[in-house]
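Within every chain, numbering begins at 1; the chains are lettered A, B, ... in the order of the sequence lines, protein sequences first and strands thereafter. This one's a predicted model, so the numbers in the text were calculated from it and none came from an experiment. Side chains are part of it too, since the values below use all heavy atoms of this structure and drop only hydrogens, waters and symmetry mates.
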Amino acid sequence: QVQLQESGPGLVKPSQTLSLTCTVSGGSISTTGYHWTWIRQHPGKGLEWIGNIYYTGSTYYKPSLKSRIIISVDTSKNQFSLKLRSVTAADTAVYYCARRRQLFAFDIWGQGATVTVSS
Amino acid sequence: DIQMTQSPSSLSASVGDRVTITCQASQDINNYLNWYQQKPGKAPKLLIYDASNLEPGVPSRFSGSGSGTDFTFTINSLQPEDIATYHCQQYDNFPLFGPGTTVHVK
């Protein structure tokens, strides 16, 4: 079955760029109908949708984060990635990648990657 | 922007109890609401989609109802493995999660 796995640095300095990659296994990232998503969870808080990408490269971002994020896809590697620039301590969170099917149901999730923003 | 409220923020119940969680949207979202279960240190798991549809493989003691602005999530006969935080999520303009309800064993 389809599985997702996040990877990337666990520590990022303030003002730098957070970069994470999600590797999709057990299925193709190019399967029609699925969008590939980043969601984060601040410590002890609820979940926050960041944005998603379709295999064609079409993206949809949370408006309040749009100016700082880029989500990209590499179909040859079956991966998609998140870049969040100009990070602050407020970006410290567990970052999840997830598969979004129609009507925004997130049905498969990665295990999560903890990212701390600190000097 | 749509606001989501969820209540209660936490609850304690005994094994076998019926547990009910409510989620309210600040405006009509039709039935565009999903429910997730998140156990400590784990990723969320989709339980209910489109307000009332049970995700395949999810036990039938979980159910959802509602439409418009008011939604309910129910666990019939709480089991020890149901101890978790439950999140509602709407998808009107963009996905937005509720603050979560943590279910404890009494």
ask   = Linking I/L/V/M/F/W/Y whenever any side-chain heavy atoms sit under 4.5 Å apart, do A/Ile69 and A/Leu18 land together?
value = yes
message = Assigning hydrophobic clusters by single linkage (Ile, Leu, Val, Met, Phe, Trp, Tyr; side-chain heavy-atom cutoff under 4.5 Å), is A/Val94 placed with B/Tyr86?
response = no
ask   = So does A/Arg101 have more than 12 non-hydrogen atoms from other groups sitting under 6.0 Å from CZ?
value = yes
ask   = Ignoring hydrogens and geometry, is there a side-chain-to-backbone donor-acceptor pair from A/Asp107 to B/Leu46 under 3.5 Å?
value = no
ask   = By a 4.5 Å heavy-atom criterion (distance strictly below it), what part of A/Ile39 contacts chain B: side chain, backbone, both, or neither?
value = side chain
key: Which atoms of A/Phe106 approach chain B - backbone, side chain, both or neither, heavy atom under 4.5 Å   = both
key: Heavy-atom pair count under 4.5 Å with chain A, highest-scoring of B/Ala43, B/Gly100, B/Pro95, B/Gly41   = B/Pro95
inquiry  = Membership question, hydrophobic clusters at under 4.5 Å side-chain separation (ILVMFWY): are A/Tyr55 and A/Trp38 in the same one?
reply    = no
message = Parallel, tilted or perpendicular: which one describes the rings of A/Trp109 and B/Tyr36, with boundaries at 30° and 60°?
response = perpendicular
remark   = chain A shares the most heavy-atom pairs under 4.5 Å, among B/Lys45, B/Lys42, B/Gln89, with B/Gln89
query = What part of B/Tyr49 gets closer than 4.5 Å to chain A, counting heavy atoms only: side chain, backbone, both or neither?
reply = side chain
note = Turns out that what part of B/Asp50 lies under 4.5 Å from chain A's heavy atoms comes down to side chain
Transitive ILVMFWY side-chain link A/Ile70 to A/Val115, under 4.5 Å = yes
query = Are there more than 12 heavy atoms of other residues, nucleotides or ligands under 6.0 Å from atom CZ of B/Phe62?
reply = yes
query = What part of B/Gln38 is in contact with chain A, defined as an atom under 4.5 angstrom from a non-hydrogen atom: side chain, backbone, both or neither?
reply = side chain
ask   = Rounded to the nearest 0.5 Å, how far apart are CZ of A/Phe104 and CG of B/Leu33?
value = 14.0 Å
ask   = Should A/Ile50 and A/Trp36 be regarded as members of a common hydrophobic cluster, given that ILVMFWY residues are connected when their side-chain heavy atoms come within less than 4.5 Å of each other, either directly or indirectly?
value = yes
task = List the steps, then state whether side chain to side chain contact (heavy atoms under 4.5 Å, CB included) holds for A/Tyr60 with B/Phe94.
result = CA-CA 9 Å; A/Tyr60 185 35; B/Phe94 58 84; 3.7 Å; yes
